Asker: 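Structure provided below as structure tokens; questions to follow.
Reminder, nothing fancy here: chain letters follow the sequence lines and each chain counts from 1. It should be emphasised that the depicted structure is a prediction, and the values quoted were computed from it without experimental measurement. What you see below is based on every heavy atom in this structure, not just the backbone, and it leaves out hydrogens, waters and symmetry mates.
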Amino acid sequence: MDKLTEILKQKFGHTSFRDGQKEIIQQVIEGKDVIAILPTGMGKSLLFQLPAYLMKGTVVIVSPLLSLMQDQVEQLKMMGEKRVVAINSFLSFEQKESVFQNLSGYKFIFTSPEMLQNNRFNRALSSIQIAYVVADEAHCISQWGFDFRPDYLRISKWLQTFPKTSVLALTATATKKVVQEIKRTLHMKEPYEYVHSLDRPTIAYEVKQLDDQKEKVAWILGRITTTNGPGILYTQSRKKTESYVEELLKKGIRAAFYHAKMEQDDRVLIQQQFQQGKLDWICATNAFGMGIHKDNIRQIIHDHIPTSISSYMQEIGRAARDGKQSIASLVYTNSDVEQAFYVAMQDFPEEADIKLVYQTDDVQIQLSETTTRILNYWKEILSEQETMDLFYEIKQKKRMEIQKLFTLFQNEWCIREQLLNNFDEQLKERPINCCTVCSYGIHHVLTERTEQKEEEKQLNWKNRLNELLY
DNA sequence: CGGTTTCCTAGTATTAGGAAACCGGTGCTATACT
């Protein structure tokens with residue numbers, strides 16, 4: 001047995017590697033930059049955990065969410081790894097100090113891009129040996145960096161402080177452009193690239209255009225009350241998540257809503273209950289998703305047009321991790337396109353806002369917190385005109401992303417093929433239950449809803465076929 | 001931009017109808033104040 005497999009067995013309790021894992025791990029150990037694009041549930045954490053045991057120094061993992069960090073820390077502790085810490089706002093000033101003073105004692109440090117700007121943290125980091133840096137959910141760099149969380153772009157400068165450190169970037173979806181942005185931001189030199197197929201053969205695609213909002217709501221409520229979950233209903237506003245749940249509860253569906261304006265504790269609770277099978281449906285905004293451990297999600301429904309093909313892929317990709325037949329349904333009306341444009345643009349600075357930021361120092365009162373923060377970032381590195389041009393460009397791009405997805409749903413071409421083509425991938429084999437455009441078998445995908453309390457009973461879901469789609 | 005909700009008025013019943021107001025995603029951290 002070779003050394004890698006030995007450690008795999010000894011530390012992680014597996015006897016063999018999955019597709020691509022071994023090659024990626026070898027490259028990391030050799031100190032190469034690596035970018036790996038592979039679906040969630042394909043053993044991503046192993047990729048950054050295992051090499052740590054064959055290399056000197058500490059692994060720094062940059063993670064987008066506090067809950068994700070907590071989760072990973074717990075997972076490692078369960079495996080018996082004690083040298084692990086999450087450095088973020090959950091730690092008090094004193095706790096941080098004590099961690100910084102003993103930083104080399106940790107094998108794994110999880111942290112946020114924002115925290116990487118902390119001087120005290122950086123001084124402590126520069127005194128220890130860093131094995132490699134991991135950018136978890138690396139698509140956030142281009143998804144959030146430009147107009148939401150500028151510290152994602154600041155990683156670039158931060159990395160220059162550690163010029164010899166190699167970087168491992170992990171994500172589930174990335175177009176060629178996004179990969180380019182990740183490479184550039186993380187200063188990757190000829191990285192080893194591993195791209196797993198993005199096709200999910202057991203997810204069938206259903207797209208339906210309806211005339212108005214009422215019809216849409218009725219259709220969705222009908223679907224959820226007559227067919228089996230577990231499922232996620234994605235909506236475009238927080239209010240709607242709540243109103244859907246209200247209706248579903250009346251009809252005896254075990255549902256709960258989830259969005260960013262809820263208390264953190266409630267969010268954790270809802271996610272846990274869903275994962276444990278105590279809830280069948282979650283009605284959520286795009287806040288719900290990263291870090292969900294549930295492999296038997298059978299349905300994803302969208303009642304709107306998401307803001308890009310990538311976010312759509314991320315959202316539907318949460319279904320069918322157990323490899324069993326599932327369905328992703330999207331229902332929209334014509335007005336939903338305009339809504340999507342508006343929502344994507346509403347926090348964007350106007351020309352007047354940009355001028356204001358360049359001419360005044362304190363603009364907090366007039367602009368939203370996000371706008372102020374993002375413009376202050378660009379003010380540091382660009383002239384007023386350059387920022388104007390940049391935001392014009394970003395705006396155009398955002399519009400195009402939405403338009404592309406909308407066009408895709410309207411085209412009379414296979415949805416699966418179109419989605420894959422967007423990531424420069426060709427469809428190799430068409431599953432029987434493909435999509436509403438090209439497949440006749442799609443009506444076998446759904447089964448009738450049954451009143452089942454325990455998760456195990458739902459395992460025979462796919463065996464009971466029922467015609468429910470049309 | 002488009003939908004939903006709220007408000008107002010007419011004109012006298014307790015509601016119809018139209019205009020105006022409102023609302024619309026994603027997360028980190030630091031700090032002041034209970």
Asker: Would you mind pulling out the nucleotide paired to B:dC33, Watson-Crick or G-U wobble, both distances under 3.5 Å?
Answerer: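 Pairing partner: none.
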Asker: Answer yes or no: is there an ion pair linking A:K398 with A:D147, defined by an N-O contact shorter than 4.0 Å?
Answerer: yes
Asker: With sequence neighbours left out, what residues match A:D33 under side chain to side chain donor-acceptor pair (under 3.5 Å)?
Answerer: none
Asker: Is the A:F108 ring parallel, tilted or perpendicular to the A:F48 ring (thresholds 30°, 60°)?
Answerer: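 The arrangement is perpendicular - the two ring planes meet at more than 60°.
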Asker: Record whether the side chain of A:Q339 comes under 3.5 Å of the base of B:dG24 through a donor-acceptor pair of N or O atoms.
Answerer: yes
Asker: With heavy-atom distances below 4.5 Å as the criterion, would you say the side chains of A:R298 and A:I327 are in contact?
Answerer: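 Side-chain contact under 4.5 Å: no.
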Asker: Give the rounded distance in Å between these two atoms: CG of A:L91 and C1' of B:dC28.
Answerer: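 After rounding, the reported distance stands at 14 Å.
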Asker: Rounded to whole Å, please give me the gap between CG in A:L68 and C1' in B:dT26.
Answerer: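 My rounded result for the distance is 14 Å.
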Asker: Would you say A:Y392 has more than 12 foreign heavy atoms packed within less than 6.0 Å of its OH?
Answerer: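 Not more than 12 within 6.0 Å, no.
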Asker: Classify the nucleic acid contact of A:N118 as base, sugar-phosphate or nothing, counting any heavy atom under 4.0 Å across all strands shown.
Answerer: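 If one applies the 4.0 Å heavy-atom cut-off, A:N118 turns out to touch the sugar-phosphate alone, with no base involved.
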Asker: Sticking with atom C1', work out how far B:dT14 lies from B:dA10, rounded to a whole angstrom.
Answerer: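 Straight-line distance between the two C1' atoms is 12 Å.
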Asker: Tell me which of A:L66 and A:T307 sits closer to the 5' end of DNA chain B, going by the nucleotide each one is nearest to.
Answerer: A:T307
Asker: Taking atom C1' in both B:dG11 and B:dA16, compute the distance separating them and give it to the nearest angstrom.
Answerer: 12 Å
Asker: When the C1' atoms of B:dT12 and B:dT6 are compared, how many Å lie between them, rounded to an integer?
Answerer: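 Roughly 23 Å separates the two C1' atoms.
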Asker: Nearest whole angstrom, please: distance from the C1' of B:dT5 to the CD of A:Q213.
Answerer: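 Checked: the CD to C1' distance equals 15 Å.
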Asker: Can you list, in residue-number order, the parts of residues 387-399 of chain A that come under 4.0 Å of DNA chain B, counting heavy atoms only?
Answerer: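 Here the set is empty: none.
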Asker: Starting at atom CH2 of A:W144, determine the distance to atom C1' of B:dT26, rounded to an integer number of angstrom.
Answerer: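 Between C1' of B:dT26 and CH2 of A:W144: 5 Å.
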Asker: Touch check for A:Q117, heavy atoms < 4.0 angstrom, all strands: base, sugar-phosphate only, or nothing?
Answerer: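 No contact.
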Asker: Answer yes or no: is there a side-chain heavy-atom contact under 4.5 Å between A:Q339 and A:H304?
Answerer: no
Asker: Can you confirm whether A:E97 is buried at CD, in the sense that more than 12 heavy atoms of other residues, nucleotides or ligands lie under 6.0 Å from that atom?
Answerer: yes
Asker: Using atom C1' of each nucleotide, how far apart are B:dA13 and B:dT9 to the nearest Å?
Answerer: 14 Å
Asker: So, is A:S237 close to the B:dG24 phosphate, meaning a side-chain N or O under 4.0 Å from OP1 or OP2?
Answerer: no
Asker: Is A:R267 near enough to B:dG27 that one of its side-chain N or O atoms lies under 4.0 angstrom from OP1 or OP2?
Answerer: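 The answer is yes; a side-chain N or O of A:R267 sits under 4.0 Å from OP1 or OP2.
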Asker: For A:P113, report the nucleic acid contact type (base, sugar-phosphate, nothing); a contact means any heavy atom under 4.0 Å.
Answerer: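 It contacts nothing in the nucleic acid.
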Asker: Report yes if a donor N or O on one partner sits less than 3.5 Å from an acceptor N or O on the other, where the partners are the side chain of A:T370 and the base of B:dG27; otherwise report no.
Answerer: yes
Asker: Can you name the atoms? Protein N/O to nucleotides 18-22 of chain B N/O, anything below 3.5 Å, with the distance.
Answerer:
none

Asker: Roughly, in whole Å, what's the span from CZ in A:F121 to P in B:dA30?
Answerer: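 Distance, rounded to whole Å: 12 Å.
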Asker: Using atom P of each nucleotide, how far apart are B:dC7 and B:dC28 to the nearest Å?
Answerer: 36 Å
Asker: Give me the ring orientation class for A:F146 and A:W378: parallel if the planes are under 30° apart, tilted from 30 to 60°, perpendicular past 60°.
Answerer: parallel
Asker: Going through the checks in order, is the side-chain hydrogen bond (donor to acceptor under 3.5 Å, both in side chains) test met by A:Q180 and A:K177?
Answerer: CA-CA 5 Å; A:Q180 284 308 321; A:K177 273 186 202 158; over 6 Å; no
Asker: Distance between the P atoms of B:dT5 and B:dG25, in whole angstroms?
Answerer: 15 Å
Asker: State whether A:R238 places a side-chain N or O below 4.0 Å from either non-bridging phosphate oxygen (OP1 or OP2) of B:dT26.
Answerer: yes
Asker: Quick one: on DNA chain B, does A:Q346 or A:S335 contact a more 5' nucleotide (nearest heavy atom)?
Answerer: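 Whichever sits nearer the 5' end wins; that is A:S335.
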Asker: Measure the shortest side-chain to side-chain distance between A:R223 and A:L446 over non-hydrogen atoms and say whether it is less than 4.5 angstrom.
Answerer: yes
Asker: With both distances kept under 3.5 Å, what pairs with B:dC7, Watson-Crick or G-U wobble?
Answerer: B:dG18
Asker: NA contact type, A:K214, heavy-atom cut-off 4.0 Å: base, sugar-phosphate, or nothing?
Answerer: nothing
Asker: For A:Y194 and A:H196, take the angle between the two ring planes, folded into 0 to 90°, and tell me which bin it lands in: parallel under 30, tilted 30 to 60, perpendicular over 60.
Answerer: tilted
Asker: So what's B:dG24 paired with, Watson-Crick or G-U wobble, going by both distances under 3.5 Å?
Answerer: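 By the stated definition (distances under 3.5 Å), B:dC1 pairs with B:dG24.
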